[in-house]
Amino acid sequence: MRISIVDHPLAQARLTIMRDERSDNSTFRAAASDLGTMLIYEASRDLPLDHFNTQTPVAVAEGARLKNPPIIVPVIRAGLSMVEPALSMIPDAQVGFIGLARDEDTHEPVPYLEALPDDLTGQPVFVVDPMLATGGSLLHAIRLLHGRGATDITAVCMVSAQPGVDALANSGLPVKLVTTAIDPGLDDNAYIVPGLGDAGDRMYGPRNIEF
Ligand code: PRP
Ligand code: URA
């Protein structure tokens with residue numbers, strides 16, 4: 001699996017604000033928004049371009065635009081924080097949604113929403129979720145996307161844990177990973193160590209979804 005670690009100083013500084021337990025909800029969201037923009041910028045690095053001529057006030061210049069903008073797929077809730085940063089960089093992107101919540105006891109993802117185009121054949125996909133811990137949630141999302149024909153899938157995560165990275169790499173699924181950090185492990189509750197805590201709660205407050 002191809003892995004890009006975004007080690008830019010500004011990305012690392014935003015991640016540090018997110019890791020800091022003293023950051024309140026709005027500080028955390030602001031840092032996540034900035035970091036989301038940087039990660040999408042990096043994830044877009046190899047997207048193919050159409051080239052065309054454009055007239056400047058002085059002469060003709062070679063112009064470029066994305067040949068096939070990716071569809072952005074946030075894993076709700078925490079992934080929602082990366083939608084506006086992604087759309088600010090790729091304004092003509094479509095957006096699909098996958099809703100998953102980890103069961104606190106089994107740590108398995110429990111699906112509650114799927115709003116995606118039926119056919120993703122030939123469509124680049126950026127699946128965005130700040131946290132890759134056990135990998136269960138992202139693997140579930142990537143299997144859904146692959147099942148609809150996607151073969152060019154980029155997972156964009158702020159913090160990844162080594163067990164989740166290994167799970168993705170060993171899955172055989174066509175996925176690349178763009179992340180700011182790979183942390184060594186997980187605690188007994190499958191939280192990333194050192195991580196940043198519960199990303200969804202730190203952005204939006206505690207959740208209580210009844211299934
Ligand atoms: C978090 C996170 C990922 C998942 C990662 O979501 O946003 O989706 O956990 O864990 P995993 O790799 O072990 O599956 P959570 O289920 O807590 O839901 P939330 O975003 O609604 O808080
Ligand atoms: N989900 C989170 O939000 N944080 C973790 O550390 C693990 C899963």
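In listed order, ligands and their atoms are each counted from 1.
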Next item on the list: Closest by any non-hydrogen atom to atom 10 (O) of ligand 1: pick that one out of H140, R102, R77, M203.
Entry: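 Of the listed residues, R102 has the closest heavy atom.
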
Check: Relative to atom 1 (N) of ligand 2, which among R202, M131, M203 owns the nearest non-hydrogen atom?
Finding: M131

Which of the atoms of ligand 1 are close to [X], meaning less than 4.0 Å from one of its heavy atoms?
X	value
M131	2 (C), 3 (C), 5 (C)
A78	7 (O), 20 (O)
A133	10 (O), 11 (P), 12 (O), 13 (O)
G135	11 (P), 12 (O), 13 (O)
A101	16 (O)
G136	12 (O), 14 (O)
G200	22 (O)
D198	22 (O)

Notebook entry, point to check: What part of H107 sits under 4.0 Å from ligand 1 if we count only heavy atoms: the side chain, the backbone, both or neither?
Noted result: neither

Margin query: Applying the side chain to side chain contact (heavy atoms under 4.5 Å, CB included) criterion to V127, which one of V156, L145, L144 satisfies it?
Written below: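 For V127, the side chain to side chain contact (heavy atoms under 4.5 Å, CB included) check succeeds only for L145.
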
For [Y], does its backbone N or O pair with a side-chain atom of [X] as donor and acceptor, under 3.5 Å?
X	Y	result
N25	R202	yes
R102	S137	no
S23	M18	no
T37	S33	yes
N53	V60	no
T154	K176	no
S160	V165	no
T16	Q12	yes

Next item on the list: Please confirm whether R102 comes under 4.0 Å of ligand 2, counting heavy atoms of the residue only.
Entry: yes

Notebook entry, point to check: Quick one: does G197 get a heavy atom under 4.0 Å from ligand 2?
Noted result: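 A heavy atom of G197 does come that close to ligand 2.
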
Notebook entry, point to check: Side chain or backbone of A190 under 4.0 Å from ligand 2, or both, or neither, by non-hydrogen atoms?
Noted result: backbone

Notebook entry, point to check: Going from NE2 on H107 to OH on Y191, what distance comes out if it is rounded to the nearest 0.5 angstrom?
Noted result: 8.5 Å

Next item on the list: Output yes when the distance from some N or O of ligand 1 to some N or O of S137 is under 3.5 Å, and no in every other case.
Entry: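 Such a contact does occur with ligand 1.
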
Next item on the list: Any atoms of ligand 2 less than 4.0 Å from a non-hydrogen atom of A133? List them with their elements.
Entry: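 So the atoms of ligand 2 that pass are 7 (C), 8 (C).
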
Margin query: Taking the basic N atoms (NZ, or NE/NH1/NH2) and the acidic carboxylate oxygens, is any pair closer than 4.0 Å for R207 and D201?
Written below: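 D201 and R207: not salt-bridged.
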
Check: Measuring from the heavy atoms of D129, does anything fall under 4.0 Å of ligand 1?
Finding: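 For ligand 1, residue contact (heavy atoms, under 4.0 Å) with D129 is present.
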
Checklist line | Geometric N/O contact A199 with ligand 2, under 3.5 angstrom | finding: yes

Notebook entry, point to check: Based purely on interatomic distance, does I192 place a nitrogen or oxygen under 3.5 Å from a nitrogen or oxygen of ligand 2?
Noted result: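 Yes, there is a polar N/O contact under 3.5 Å.
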
Note to self: For T27 and D24, which I'm curious about, is there any donor-acceptor pair between the side chains at under 3.5 Å?
What the structure shows: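 Yes.
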
Notebook entry, point to check: Which residue owns the protein heavy atom closest to atom 5 (C) of ligand 2, what's the atom, and how far is it?
Noted result: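 Closest protein heavy atom to atom 5 (C) of ligand 2: Y191 CD2, 3.4 Å.
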
